[in-house]
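Below is one structure, written out as structure tokens; the observations come after it.
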Number of protein chains: 2
Amino acid sequence: MASLLARGLAGMPEVRAGDDLAALIVRARGPDQLCDTHVVAIAHKAVSKAEGAVVALSTVTPSSRAQELAREHDKDPRVVQVVLEQSTHVLRAERGVLICRTRHGFVCANAGVDTSNAPSSDTVVLLPPDPDGSARRIRARLRELTGHAPAVLISDSFGRPWRHGQLDAAGLQLRATWLAVVDAAAACTELVRAKDSREPVVVIEGLERYLGDADGPGAAALLRAPAEDLFG
Amino acid sequence: MASLLARGLAGMPEVRAGDDLAALIVRARGPDQLCDTHVVAIAHKAVSKAEGAVVALSTVTPSSRAQELAREHDKDPRVVQVVLEQSTHVLRAERGVLICRTRHGFVCANAGVDTSNAPSSDTVVLLPPDPDGSARRIRARLRELTGHAPAVLISDSFGRPWRHGQLDAAGLQLRATWLAVVDAAAACTELVRAKDSREPVVVIEGLERYLGDADGPGAAALLRAPAEDLFG
């Protein structure tokens with residue numbers, strides 16, 4: 001009988017710049033309680049904070065474009081400035097939401113710049129600059145600390161405006177399956193993790209049939225060329 | 001510590017037209033093993049089959065439009081005819097996939113008409129004509145049989161081309177949260193249920209904070225007017 005168990009990891013401290021996230025996870029979980037068949041899902045904000053991907057708004061000088069967008073959409077011009085710096089394109093600006101293509105290539109609201117859950121009210125949290133690299137580093141460090149290499153999933157709850165998967169052409173089937181699994185695992189994590197809780201890490205058991213020793217293609221596989229996208 | 005456990009329900013028989021799904025579920029699960037805090041997630045195909053929402057292709061006469069689309073997209077003209085009958089609009093037809101708006105108002109590939117998992121290779125399975133009504137009937141019947149009313153979720157794995165939720169305006173926040181939970185629960189179910197397994201039912205524990213005695217808004221809440229949709 002197939003089953004899936006996802007549990008929030010209790011006992012994680014507030015993450016600070018420079019923290020060794022893998023070590024914090026191992027300490028909270030217990031060194032013998034992680035194995036290759038687990039998925040360790042980490043809220044991207046914990047990764048961003050550990051990597052120092054936060055910006056103090058007091059250090060930000062809004063450009064004239066940021067000031068104009070902020071006026072039009074009733075937003076803090078310094079936050080808009082940070083959003084613009086994280087973006088290669090602003091695709092739409094409607095009803096207070098800037099839909100941006102980030103420097104990674106993700107399309108999301110406000111370029112993933114988050115004003116909630118920041119270390120202080122004067123700070124915003126960015127997306128990690130290289131989430132795939134972060135996941136691989138954390139996985140390698142977990143392997144170093146425990147001898148086991150659970151899958152590492154860094155997730156955000158941003159409402160991606162389109163889903164990938166079943167509409168991909170046949171040649172992309174494997175990739176599509178992989179994406180659907182990652183997408184679903186991230187969604188399942190969101191159910192476990194109350195938004196403001198101190199549980200940035202959720203450990204999922206029961207997905208071993210999808211896991212392998214090699215690192216996966218990463219979030220880079222989420223990015224597809226606009227021409228590939230039926231709804232682009 | 002927050003946690004979520006999703007388990008496939010072993011022992012479900014192949015569902016046939018006229019079957020009492022709730023009774024089959026109670027028999028497989030055990031009458032004392034369901035409670036108000038559980039979510040019973042049922043693959044829509046089991047509901048469709050029980051309700052007789054299947055079509056024998058030998059009874060279908062393709063229209064000239066169906067024949068033309070079938071030629072262009074290398075599909076069975078009888079299947080295309082069924083897809084057209086289930087649709088109010090064909091929004092796009094590309095690379096062998098017809099993106100349709102169904103009579104319910106859902107936008108999905110091939111109007112949800114499924115040629116896999118059908119009772120025989122000459123049969124296709126439709127979406128249930130009124131999934132919300134089906135869910136409410138099954139829930140009422142479970143209450144009748146066991147004295148308990150778990151939430152009932154009828155899900156499909158169709159790749160909806162857009163996600164709802166965070167981009168909704170503030171006034172729709174509650175609805176957005178509800179949709180995100182339902183969406184995530186359905187995704188989590190997909191992880192548990194191997195595509196072709198005989199486990200059309202997955203029971204989820206750990207979502208009690210989202211459940212209430214009253215029936216929810218149903219899938220009708222998934223439908224939003226095109227004007228509301230930033231990516232419409």
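Keep in mind that the numbers below use all heavy atoms, side chains included, and drop hydrogens, waters and symmetry copies. Each chain gets a letter, A, B and so on, in the order the sequences are listed, and its residues count up from 1.
- Judged as a side-chain contact (heavy atoms from CB on, under 4.5 Å), and not counting sequence neighbours, the contacts of B/Ala66 are B/Pro62, B/Ser63, B/Val80, B/Gln81, B/Leu84.
- The local environment of NE2 in B/His73 is crowded, with over 12 non-hydrogen atoms from other residues, nucleotides or ligands closer than 6.0 Å.
- Annotation: the span from A/Arg7 atom CZ to B/Leu4 atom CG amounts to 12.0 Å, rounded to 0.5 Å.
- Side-chain atoms of B/Leu207 and A/Leu191, non-hydrogen and from C-beta on, do get closer than 4.5 Å to each other.
- One finds the CD1 atom of A/Ile204 at 9.0 Å from the SG atom of B/Cys188 (value rounded to the nearest 0.5 Å).
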